[in-house]
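Written out below as structure tokens is the structure these notes cover.
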Amino acid sequence: MSPGFRASLPVVIFLLAGFAAPLIAVTWFSFMPARTFSFAGAATLENYRTIVESTSYISFLWSLGLAAVTVVLLAFIAYPVAYGLVRVFGKWSMLVTLLFTIPLFVSENIRLYGWVLFLIKNGVLLGTIKSLFGVQAESMLFTLPAIILGMVYVYLPFMLFPMSLGISMVPQDTRDAAVDLGASRWQVFREVELPLSMPGILIGCLLTFVLAVGAIAEAKVLGGQQIIPITHDIEIAFTYAQNWPLGAALAVLLMLVVGALVLLVLRRFDLDVLLGRR
Amino acid sequence: MTNVSLSRRNFMQQSALWAAAFAGAGTLGGTAAQAAREKELNILCWEGYNSAQVLDPFRSSRGATVKAESLTNDPTMINRLRAGETSIWDLINVNNPWARKIMLPEKLIKPLDRAKFEPFFEKMMPAFKPPYQWAMDDSGAQLIGMAQRFGPYSFVVNTDKVSRATAEDQGWNLWNDASSAGKYGILESDDWNVFCICCIAGFDPFKQHSDDEVAKFTETAKRVFKGAKLVGDIATMNQALVAGEIDFHLTGGTYSASPARADGHPEIRGITPKSGPLAGGKGGIAWIEITSVVNNPTLSPLAEDFLAYVQAPDVAHTVAFAEGTYNPVAQMGNPDCFKLFTKEELDAIQWDSLAEEMDRSVEYDIVPDYDKLLDIMTAAKREASGG
């Protein structure tokens with residue numbers, strides 16, 4: 001046994017027990033007969049057939065669609081903020097970073113319920129408008145835009161910080177050289193800063209997408225379950241339906257779909273190439 | 001301008017650290033090591049029994065470590081025992097039919113000492129006088145659990161928008177009225193929603209259903225979920241009712257409306273229809289919690305001790321008004337317990353109409369084809385979100 005392998009054993013064992021084993025357990029369970037609670041049943045594809053024959057695709061599409069919209073919106077929202085954090089805000093950067101970080105110490109559900117109080121009819125926003133102008137506007141709560149608002153709000157830090165790191169990777173000397181060689185501000189941005197900060201943007205997008213595809217609280221709390229993402233279907237299978245094998249099969253399919261999409265993106269944008277390793 | 005010195009290598013490290021930190025934040029925690037069973041008690045229950053108000057006096061007087069996990073649906077709790085957790089839990093607190101019809105036949109729970117516990121029923125409200133059917137096994141010989149919280153549970157209205165009389169008269173047809181679309185919410189309580197949709201469709205939920213009834217259930221579930229303004233938890237329903245987002249919501253009663261009523265909103269009221277498709281033409285459904293001793297091979301001796309502890313008038317009052325929701329308790333039949341309830345507390349639990357509402361309700365039972373109906377309802381909910 002090489003010293004390197006010996007040294008890696010604790011981590012290998014930890015990963016096998018903490019990462020691989022649960023995944024294997026969920027995958028194995030997805031082949032157990034419906035509504036059973038044992039690993040010892042006769043393996044079957046019944047759960048996967050049930051999913052294919054059902055309308056679960058609606059939930060898959062909602063989850064993937066909402067995650068994609070969140071990523072696109074966050075890319076446009078977070079980039080200027082990240083740029084400001086690295087290049088513009090100077091000594092205020094720490095304060096701005098704290099403003100984005102501190103909410104992470106509060107439970108996501110509590111933050112979302114805060115939005116409910118803000119958006120609800122006669123709540124902070126509409127109640128104030130009503131008392132000031134006498135206008136009773138319709139609330140946007142329990143609608144699709146409210147869900148997207150919640151997802152953009154919750155996942156902003158996950159896009160922002162990798163992006164900030166990405167932008168800070170762009171050497172000042174390179175930017176200066178581009179300016180000295182006559183590049184306009186737009187050219188510096190498009191041909192120097194954007195490509196060189198791409199690893200941060202890409203990692204931010206991937207991280208946000210993977211997390212957002214597993215979102216459930218936003219659709220429940222702000223969306224009033226007007227939309228059922230796939231994570232909610234999985235939750236129902238594991239709770240009210242007590243159909244753990246079906247829930248496991250849905251989870252496995254979700255992992256496969258997300259894994260395939262991430263691999264597809266990574267093939268298109270090779271991180272090693274972006275990071276200049278080859 | 002800030003020019004952070006950052007190599008490609010430590011960029012990856014920092015990204016990974018951020019990701020790990022964020023991912024880890026949600027999963028911190030762990031399971032405490034198991035202590036000796038004499039001083040340990042584990043309770044699987046609906047919320048309330050897990051509150052510090054109820055547990056702390058027991059913990060300090062017995063020097064015990066009491067762990068209580070609260071869940072909000074019966075099937076999950078039962079299946080936790082089925083999946084092998086009988087060796088973990090000492091007490092299980094679920095709604096009435098499960099102990100007698102499911103858990104005892106499956107040997108998930110064990111009978112109580114009848115001589116010790118039956119006298120407690122003598123002091124309960126008249127409906128619970130021994131032998132109380134849901135606390136007994138089929139033969140009527142064994143006592144299998146203790147009753148405490150109960151309540152009618154059909155639907156809730158804002159009486160400023162729909163009067164109590166109208167709601168009671170119209171009953172489940174409130175959801176068959178096309179003008180109701182967009183004015184109501186649905187409580188995220190899917191097992192009870194199955195019962196309610198059966199009632200809206202015009203038949204008794206607690207029986208095996210014909211193909212025609214299943215078809216009617218499917219059509220009703222689609223229509224009811226399509227017309228809902230929102231689906232959510234109790235806090236969301238009460239907030240939406242108070243704010244005026246909705247006028248009434250499906251599945252609810254004293255249990256769900258009491259937090260809003262206690263908070264100064266007496267217009268939020270649980271309604272039991274005067275008539276309906278349930279047995280005997282009754283219009284409402286009621287629940288009664290039964291707490292049983294789990295068939296744990298290393299049962300804690302504190303399990304029966306705790307069951308006796310919660311029967312005391314002051315503790316029963318605390319259970320009724322533990323954090324979360326507020327509910328009547330069977331021990332209110334004991335004057336020593338009843339006198340502990342203030343007028344405000346009695347108003348919160350709709351004491352004024354409790355007897356008549358219970359009289360108009362059938363008791364919660366097992367739905368034989370629940371799995372099929374739930375799958376249909378889940379699909380209806382999902383399809384309603386398909387736009």
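In what follows, every chain begins at residue 1, and chains take the letters A, B, ... in the order their sequences are listed. For the numbers below, each heavy atom of this structure counts, side chains included, while hydrogens, waters and symmetry mates do not.
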Exercise. Start with the C-alpha distance between A:Q225 and B:I186, add both sets of side-chain angles, then the distance that settles side chain to side chain contact (heavy atoms under 4.5 Å, CB included), and finish with yes or no.
Key: CA-CA 10 Å; A:Q225 300 187 25; B:I186 300 176; over 6 Å; no

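Of the atoms belonging to A:N243, not a single heavy atom falls under 4.5 Å from chain B. Using a 4.5 Å cut-off between heavy atoms, A:Y113 touches chain B through its side chain atoms alone. B:Y370 touches chain A through its side chain: at least one heavy atom from C-beta onward sits under 4.5 Å away, while N, CA, C and O do not. Looking at A:S38, neither its backbone nor its side chain comes within 4.5 Å of chain B, counting heavy atoms on both sides.
Highest contact tally toward chain B, considering only A:L246, A:L61, A:T239, is held by A:T239 [criterion: heavy-atom pairs under 4.5 Å]. Contact count versus chain B (heavy atoms, under 4.5 Å) is highest, among A:T36, A:L144, A:T55, for A:T55. Chosen from B:D74, B:D371, B:I78, B:T378, the residue pairing most often with chain A at heavy-atom distances under 4.5 Å is B:D371.
With values rounded to the nearest 0.5 angstrom, B:L230 atom CG is found 8.0 Å from A:L141 atom CG. The distance from atom CG of B:L374 to atom OH of A:Y240, rounded to the nearest 0.5 Å, is 9.5 Å. Residue B:D375 holds its CG atom at 4.5 Å from CZ of A:R35, rounded to the nearest 0.5 Å.
Residues A:S56 and B:R382 have side chains in contact (heavy-atom distance under 4.5 Å, counting atoms from C-beta outward). In this structure, the side chains of B:E188 and A:K220 come closer than 4.5 Å at one or more pairs of heavy atoms.
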Which donor-acceptor pairs under 3.5 Å do the side chains of residues 116-126 of chain A make with protein atoms, sequence neighbours left out?
from, atom 1, to, atom 2, distance (Å)
A:K121, NZ, B:G244, O, 3.4
A:N122, OD1, A:K130, NZ, 3.4
A:N122, ND2, B:A243, O, 3.0

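Across all non-hydrogen atoms, the minimal contact from B:T76 to A:Q242 is OG1-NE2, 3.0 Å. Closest of all the heavy-atom pairs between B:A83 and A:W244 is CB-CH2, 3.9 Å. Scanning both residues, B:K229 and A:F142, for their nearest heavy atoms gives O-CB, 3.8 Å.
Within a 6.0 Å sphere centred on NZ of B:K222, heavy atoms belonging to other residues, nucleotides or ligands number 12 at most. Counting non-hydrogen atoms of other residues, nucleotides and ligands closer than 6.0 Å to CZ of A:F14 gives a total of 12 or fewer.
Residues satisfying the side chain to side chain contact (heavy atoms under 4.5 Å, CB included) test with B:Q208, not counting sequence neighbours, are B:P368, B:D369.
A donor-acceptor pair is defined here as one N or O able to donate and one able to accept, closer than 3.5 Å; no such pair exists between the side chain of A:Q226 and the backbone of B:A384.
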